[in-house]
Structures are given as structure tokens and as C-alpha cells.
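Hydrogens, waters and symmetry mates are skipped; everything else that's a heavy atom, side chains included, is used. All residue numbers refer to positions in the sequence shown, counting from 1. Every value quoted in this text rests on a predicted model; they were computed, and no experiment measured them.
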Amino acid sequence: MPISLKTLIDKREVNTRVMALLQQRSVAAIYEVRQKGETGTIDERSFVFSDDFRSMEIYPVGNTHADERQIVAAFGEVLLNAVIASPNHPKRLIKIANDCTNGEIRDLDDLDLRMERRLSDTIYLPLIAIILALLFLLYYLSH
């Protein structure tokens with residue numbers, strides 16, 4: 001049964017998979033919704049996750065037209081609430097959320113770029129750790 005982000009936040013059940021989907025899928029999902037012509041704004045109720053947390057859909061709320069800046073600001077509020085309700089509070093995501101709400105991030109392209117950087121950081125750190133471990137093992141075995 002699908003579950004909204006609002007329910008997860010209220011129950012303090014925002015897990016790492018939810019946060020990963022928000023980082024990886026949210027901006028693309030917002031683009032898709034806007035291309036369909038749905039112009040409402042977004043909030044925590046707009047983000048709906050499958051029960052296995054493998055997919056996420058966005059359903060804008062209201063019929064009032066929201067421009068791109070309003071959508072970005074609303075997403076910042078959603079992201080901040082999700083980060084606060086999650087078990088860990090990544091400072092980078094808090095900064096992105098604050099930049100959305102205070103107008104430093106003005107459009108979806110900027111938001112997409114900032115979110116993408118966050119993902120690439122997460123990929124490179126484990127790779128560096130693995131390479132260092134393998135180098136240490138190689139050095140240890142050669143002596």
C-alpha cells in the first residue's frame with residue numbers, strides 16, 4: 001500500500017531508502033509532473049512511496065499555478081522536514097534545503113545539479129576507501 005512522505009515524517013519512519021529516493025528521483029519526478037501540465041504546488045503529501053520503497057511518485061496539491069521558484073522553495077521545505085525526521089541529518093542536504101527556501105537555488109536545473117553533486121560524493125567516498133584498502137592489502141602481501 002503506498003505511503004506518503006507526510007505519514008513517514010509524522011511517524012518518524014523516514015529511512016535511508018526514502019532519503020535516497022528523494023535525492024535520486026525527486027527532481028526528475030517534478031519535471032515529469034510539470035511536463036504533464038500539472039501546475040499545483042508540492043508538500044509532504046505530494047511524495048508517495050511504494051510499500052517496498054523502490055519507487056516514488058509526485059502528486060501536486062491544489063489547482064493554483066505554482067511557478068518554478070515556488071516549486072523549488074516548497075521542495076526545500078519538504079527536504080528539510082524529511083532530513084529532520086531521518087535518523088541521520090546530512091548537513092549537505094540541510095544546506096540544499098535552506099538554499100531552496102531562501103532563494104539561492106532558483107530553478108529545477110540548479111536544484112538538479114546540487115542534488116547530483118550529493119550523489120556523486122556518496123559514490124566516490126566508498127570507492128576511495130576500497131582502493132586504499134586494496135593498496136594496503138597489496139603492500140602487505142608483497143612484503
Side-chain angles (χ1 to χ4, degrees), residues 1-140:
M1 182 170 173
I3 187 166
S4 75
L5 181 59
K6 173 136 179 68
T7 302
L8 293 171
I9 289 171
D10 290 345
K11 292 181 176 182
R12 295 274 190 209
E13 293 178 357
V14 176
N15 58 33
T16 55
R17 185 68 189 140
V18 169
M19 292 305 297
L21 276 171
L22 280 174
Q23 290 178 71
Q24 297 167 1
R25 179 83 180 101
S26 57
V27 178
I30 292 169
Y31 274 124
E32 291 167 10
V33 165
R34 291 182 63 82
Q35 285 177 347
K36 290 179 192 173
E38 298 181 33
T39 59
T41 190
I42 57 172
D43 64 12
E44 290 90 358
R45 296 169 295 164
S46 303
F47 294 81
V48 178
F49 298 88
S50 62
D51 52 352
D52 59 358
F53 298 111
R54 291 183 184 232
S55 64
M56 177 189 74
E57 298 290 328
I58 294 181
Y59 302 98
V61 245
N63 296 327
T64 316
H65 176 73
D67 66 13
E68 201 164 335
R69 282 188 180 188
Q70 291 170 321
I71 293 291
V72 169
F75 177 76
E77 292 176 21
V78 169
L79 182 61
L80 186 60
N81 291 337
V83 168
I84 290 169
S86 71
N88 54 359
H89 309 291
K91 290 180 179 144
R92 177 120 169 109
L93 291 180
I94 292 171
K95 171 122 176 69
I96 291 171
N98 287 331
D99 288 350
C100 287
T101 56
N102 69 22
E104 276 189 52
I105 298 177
R106 299 170 192 237
D107 59 29
L108 291 171
D109 291 333
D110 289 343
L111 177 59
D112 194 26
L113 184 61
R114 294 282 296 274
M115 295 297 277
E116 185 176 318
R117 281 191 197 148
R118 171 65 183 117
L119 293 176
S120 64
D121 289 349
T122 357
I123 291 170
Y124 290 127
L125 291 177
L127 285 176
I128 291 169
I130 290 169
I131 290 169
L132 288 174
L134 290 174
L135 286 172
F136 176 76
L137 182 62
L138 183 64
Y139 175 79
Y140 178 76

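Rounding to the nearest 0.5 Å places CE of Met56 at 10.5 Å from CZ of Arg17. If you take CG on Asn98 and CG on Leu93, they are separated by 11.0 Å, rounding to the nearest 0.5 Å. With values rounded to the nearest 0.5 angstrom, Phe47 atom CZ is found 11.0 Å from Arg25 atom CZ. The NZ atom of Lys95 sits 5.5 Å away from the CZ atom of Arg114 when rounded to the nearest 0.5 Å. With values rounded to the nearest 0.5 angstrom, Ile96 atom CD1 is found 7.0 Å from Leu79 atom CG. Ile71 contributes atom CD1, which lies 11.0 Å from atom CG of Leu111 (distance to the nearest 0.5 angstrom).
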Mind listing the side-chain donor-acceptor pairs of residues 126-138 below 3.5 Å, one per line with the distance, residues two or more places apart or on another chain?
none

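The minimum heavy-atom distance linking Gly76 with Cys100 is given by the pair CA-CB, 3.5 Å. Here the shortest heavy-atom pairing between Asn15 and Val18 reads OD1-N, 2.8 Å. Between Pro2 and Val48 the shortest heavy-atom distance is CB-CG1, 3.5 Å. Val72 and Ile105 get closest at one heavy-atom pair: CG1-O, 3.3 Å.
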Item to check | Candidate pair Phe53 and Leu8, rule side chain to side chain contact (heavy atoms under 4.5 Å, CB included), full reasoning | outcome: CA-CA 11 Å; Phe53 298 111; Leu8 293 171; 3.8 Å; yes
Checklist entry - Yes or no on side chain to side chain contact (heavy atoms under 4.5 Å, CB included) for Leu22 and Leu5, after CA distance, side-chain angles and deciding distance? => result CA-CA 10 Å; Leu22 280 174; Leu5 181 59; 4.2 Å; yes
Next on the checklist: Under the criterion side chain to side chain contact (heavy atoms under 4.5 Å, CB included), I'd like the reasoning laid out for Ile84 against Arg12: C-alpha separation, chi angles, the key distance, then a yes or no.
Outcome noted: CA-CA 9 Å; Ile84 290 169; Arg12 295 274 190 209; 4.0 Å; yes
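Listed by first then second residue, pairs satisfying side-chain hydrogen bond (donor to acceptor under 3.5 Å, both in side chains) with a partner in residues 66-90 read Glu44-Asn81, not counting sequence neighbours.
The closest donor-acceptor contact from the side chain of Ser46 to the backbone of Tyr59 lies under 3.5 Å. Using modelled atom types, no side-chain atom of Ser26 and backbone atom of Gln23 make a donor-acceptor pair closer than 3.5 Å.
Under the rule for a side chain to side chain donor-acceptor pair (under 3.5 Å), the partners of Asp52 that lie at least two apart in sequence or sit in another chain are Ser50. For Arg45, the side chain to side chain donor-acceptor pair (under 3.5 Å) partners are Asp43, not counting sequence neighbours. In this view, Tyr140 satisfies the ring-ring contact (aromatic ring centres under 6.0 Å, His included) rule with no residue, not counting sequence neighbours. Applying the side chain to side chain donor-acceptor pair (under 3.5 Å) criterion to Asp109, with sequence neighbours excluded, gives Tyr31.
Looking at heavy atoms from C-beta onward, Thr101 lies out of side-chain contact with Leu80 at the 4.5 angstrom threshold.
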